[in-house]
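Let me begin by presenting the structure, written as structure tokens, before commenting on it.
Remember, it's a predicted structure, so these values are computed and weren't measured experimentally. In what follows, every heavy atom counts, from backbone to side chain, and hydrogens, waters and symmetry copies are set aside. We count ligands from 1, going down the list as the structure has it; atoms in each ligand are counted the same way.
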Amino acid sequence: MARFIIENSPPLKGSVKISGSKNAVLPILAASLLTEDKCVIHEVPDQSDVDTMCTLLERLGAGIHWDKNAGIISTAASGKLHAEAEYELVSKMRASFSVMGPLLARLGEVNVPLPGGCAIGARPVDLHLKGFSALGAEVVQEHGNVRARAKKLKGARVYLDFPSVGATENIMMAAVLADGVTFLENCAVEPEIVDLANFLNSAGAEIRGAGTDTIKIAGVKTLSGADHTIIPDRIEAGTYMVAAGITRGDITVTNVVADHLKPLIAKLKEVNLNVSETDAGVRVNYEEGRRIVAADVKTLPYPGFPTDMQAQFMSLLTLAEGTSIVTETVFENRFMHVGELKRMGADIKIESRSAVIEGVKRLTGAQVKATDLRAGAALVLAALTATGTTELSDIYHIDRGYCELAEKLRLLGANIRREEENGEKNN
Ligand code: EPZ
């Protein structure tokens, strides 16, 4: 398995361009199944999760062309589509489950493997299925699969028990071609939801209220093609903003939407870092002599503090002055990075859904493992400041959601290199 070799690095300095958002492009690719016409998607990040989604769409019968240099994917789901998704792909990437809504709406039947749990939690899909039932689908779970059927979905009022991102996206996509009007209440308001709705509306859908807790979807007969540019990845941006803090550096993230970063910006300021919006983007810099101090963080659905930044921010707090409490309210098992950070000398105690962090003077390099995407990123950040060498393995997790992380960090001054399985060094 490939791994990162990371040495203690100087304060990182410079600017870094942020890629398109993984969590926006994945549902948008799935949504392209709703139309027979060609869709062109720009700013597509070169990540392994996008590869998986493209493979899934091709297996379902869609034509996919990905110009990786240009970051453009063209899709054409004009031919006969299959209603069955393969276990191998859905078990590899939960986001594959978002093909369920589009296929149900387009074909009137779909059979998708239940995505099991993952490192960060059980991650059930009950809210998705309740939504499809409310739209009139007959939903059956058997043999590890979910089968849903409906001659024609009918608009309905759907109240989500929890503002789930995935359920909001899946039900919204199903409702786009339904007979009548659907109201999706207590739904997720993440920027990725708005980006999906904008993509669908540019293809002829009638969606209002995305970004608020009630979305109205007036069903239409068919959708046309679309030409859409993906929003920047606020979590990738957040990771580099924390890198500036943890290395006591000065980094500007470019190609970002500052509004999407508000909850993180507030916390970075609270721990005594300077954050400013510039023409180019958002700048985070450490001010000599101003110690980084402890803070309490509670993850919440947007616009609360993002759970996808919890691990990276915890790395920063391990070196802050004082005691911080990080409470994870979105996923029930998202502290897998704690054990690895403690191997690097961090002082952390877990008490049910909170981690109590006593700031230490320094971390030390060690052999550690990425247990999931964001945990991996958090360990990279910790290793940049640790004394000695860190060997980070299982970085395939990181490849799922970051484009060229090592290269981008090296351009900012980091001592990091990628070592392939065969020992080949990859600069
Ligand atoms: C999306 O996952 C993101 N993934 C996650 O990012 C992100 O952490 C999460 O939203 C929350 O922001 C993608 O967009 C591809 P949820 P999703 O449905 O849609 C429970 C990353 O690091 N729930 O909002 O799966 C669920 O178990 C990834 O990029 C139900 O109980 O998140 C969880 O506790 C990780 N029943 C909570 O809701 C359901 O039917 C939030 O899940 C659905 C969800």
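One distance of note links CG of L381 with OG1 of T247; it measures 9.0 Å at 0.5 Å rounding.
Proximity of E7 to I5: side-chain heavy atoms (C-beta onward) are separated by under 4.5 Å at one or more points.
Remark: F132 engages no residue in a ring-ring contact (aromatic ring centres under 6.0 Å, His included) (not counting sequence neighbours).
Residues of the protein with a heavy atom under 4.0 Å from ligand 1 are K22, N23, A95, I120, R123, P124, V125, D126, L127, H128, F162, S164, V165, G166, T307, D308, V330, F331, R334, L373, R374, listed by chain and number.
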**Study point:** Step-by-step side-chain hydrogen bond (donor to acceptor under 3.5 Å, both in side chains) determination, E328 to T299
**Key:** CA-CA 5 Å; E328 174 57 58; T299 67; 3.0 Å; yes
Check your understanding: Step by step, would you call E236 with K408 a side chain to side chain contact (heavy atoms under 4.5 Å, CB included)?
Key -> CA-CA 11 Å; E236 184 196 18; K408 286 186 176 183; 2.7 Å; yes
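Of the charged side-chain nitrogens involved, none lies within less than 4.0 Å of a carboxylate oxygen, so that D233 and K22 do not count as a salt-bridged pair.
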